[in-house]
Amino acid sequence: MNNRLKVLRAERDWSQAELAGRLEVSRQAVNAIETGKHDPSLPLAFKIARLFNMPIEEIFDDA
Amino acid sequence: MPYSSEPTRNDNAAWYLAGGWIGALGTMFAIVCEVYFRSPDLALIGKIIALLSILLMMNAKHNDEFLRGLWQAGATTALATAIFWVFIGPFLLGLVDGLMGSPNEPRFPHEWTYLALASGFFVGFNWRRYRGLT
């Protein structure tokens with residue numbers, strides 16, 4: 001699944017570790033999501049969407 | 001504030017992922033010792049390394065969903081390997097032996113079950129880690 005996590009993170013000047021801290025996951029998990037190695041669960045996807053104040057569909061794309 | 005536990009969480013994850021590599025190398029070392037050097041004593045070192053890696057990894061496997069997913073991938077592959085090694089493989093070989101009339105010799109030795117399972121676990125774990133869900 002494609003996602004804009006890296007772009008959104010860069011716009012806010014957050015490191016992977018900072019984003020991981022806000023999402024309460026490991027930095028390695030954030031890296032895996034950004035590189036497409038891991039698709040977040042629904043609760044985590046909602047958490048990400050709430051953190052960036054955007055709909056899930058604007059962050060993740062399964063096309 | 002979530003940042004207070006952040007270094008610990010990331011450190012645990014780093015150790016967890018390192019365990020995936022260390023255990024895989026230990027397993028490969030044990031297999032080489034068993035197959036090429038025919039030295040079970042030397043292979044024991046690799047087996048212990050693999051076992052210690054898994055024990056180390058158990059500490060952090062539930063830290064977050066990504067780490068949990070890696071563990072589940074490894075466990076699933078290990079289970080599939082176990083089923084094949086203990087049941088399906090010997091059955092198929094026995095079937096072939098019976099059809100061909102060749103002597104029935106054990107070619108899935110039970111002494112190698114641990115290595116087969118460990119191999120399955122680390123293959124599944126690292127495949128999921130580096131290839132994702134593909």
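Predicted model only: the values in this text are computed from it and were never measured. Order of the sequence lines fixes the chain letters, A, B, ..., with proteins taken first and strands second; residue numbering starts at 1 for each chain.
- Linking ILVMFWY residues whenever their side-chain heavy atoms come closer than 4.5 Å, directly or via other members, leaves B:Met100 and B:Leu95 in distinct clusters.
- Heavy atoms of A:Pro40 lying under 4.5 Å from chain B belong to its backbone as well as its side chain.
- Only the side chain of B:Leu17 comes within less than 4.5 Å of a heavy atom in chain A; its backbone stays farther off.
- For chain A, no part of B:Ala60 is nearby; none of its heavy atoms comes within less than 4.5 Å.
- We find the CG-CZ distance between B:Asp11 and A:Arg27 to be 10.0 Å, quoted to the nearest 0.5 Å.
- Here the straight-line distance linking atom CG of B:Asn63 with atom OG of A:Ser26 works out to 7.5 Å at 0.5 Å rounding.
- When the side-chain hydrogen bond (donor to acceptor under 3.5 Å, both in side chains) test is applied to A:Ser41, the partners found at least two apart in sequence or on another chain are B:Glu65.
- When hydrophobic clusters are built by joining Ile, Leu, Val, Met, Phe, Trp and Tyr residues whose side-chain heavy atoms come closer than 4.5 Å, directly or via intermediates, A:Leu19 is grouped together with A:Leu8.
- B:Trp21 is linked by a side-chain hydrogen bond (donor to acceptor under 3.5 Å, both in side chains) to B:Tyr130, counting only residues two or more places apart in sequence or in another chain.
- When all heavy atoms of B:Asn10 and A:Val25 are compared, the pair lying nearest together is OD1-O, 4.4 Å.
- Note that CZ of B:Phe66 is 7.5 Å distant from CG of A:Asn31, once rounded to the nearest 0.5 Å.
- Listed in order of number, the residues of residues 22-51 of chain B that approach chain A to under 4.5 Å between heavy atoms amount to none.
- Residues A:Leu5 and A:Trp14 share a single hydrophobic cluster, defined by chaining ILVMFWY side chains whose heavy atoms lie under 4.5 Å apart.
- A:Ile48 and A:Met54 fall within the same hydrophobic cluster, defined by Ile, Leu, Val, Met, Phe, Trp and Tyr side-chain heavy atoms under 4.5 Å apart, directly or through other members.
- Across all their heavy atoms, B:Ala13 and A:Gln28 have their closest contact at CB-OE1, 3.2 Å.
- By the salt bridge (charged side-chain N to carboxylate O under 4.0 Å, His left out) test, A:Lys47 pairs with A:Glu24, sequence neighbours left out.
- Among all heavy-atom pairs drawn from B:Arg131 and A:Lys37, the shortest one is C-CD, 4.0 Å.
- Cluster annotation: B:Ile83 and B:Trp85 are assigned to the same hydrophobic cluster (Ile/Leu/Val/Met/Phe/Trp/Tyr, side-chain heavy-atom contacts under 4.5 Å, transitive).
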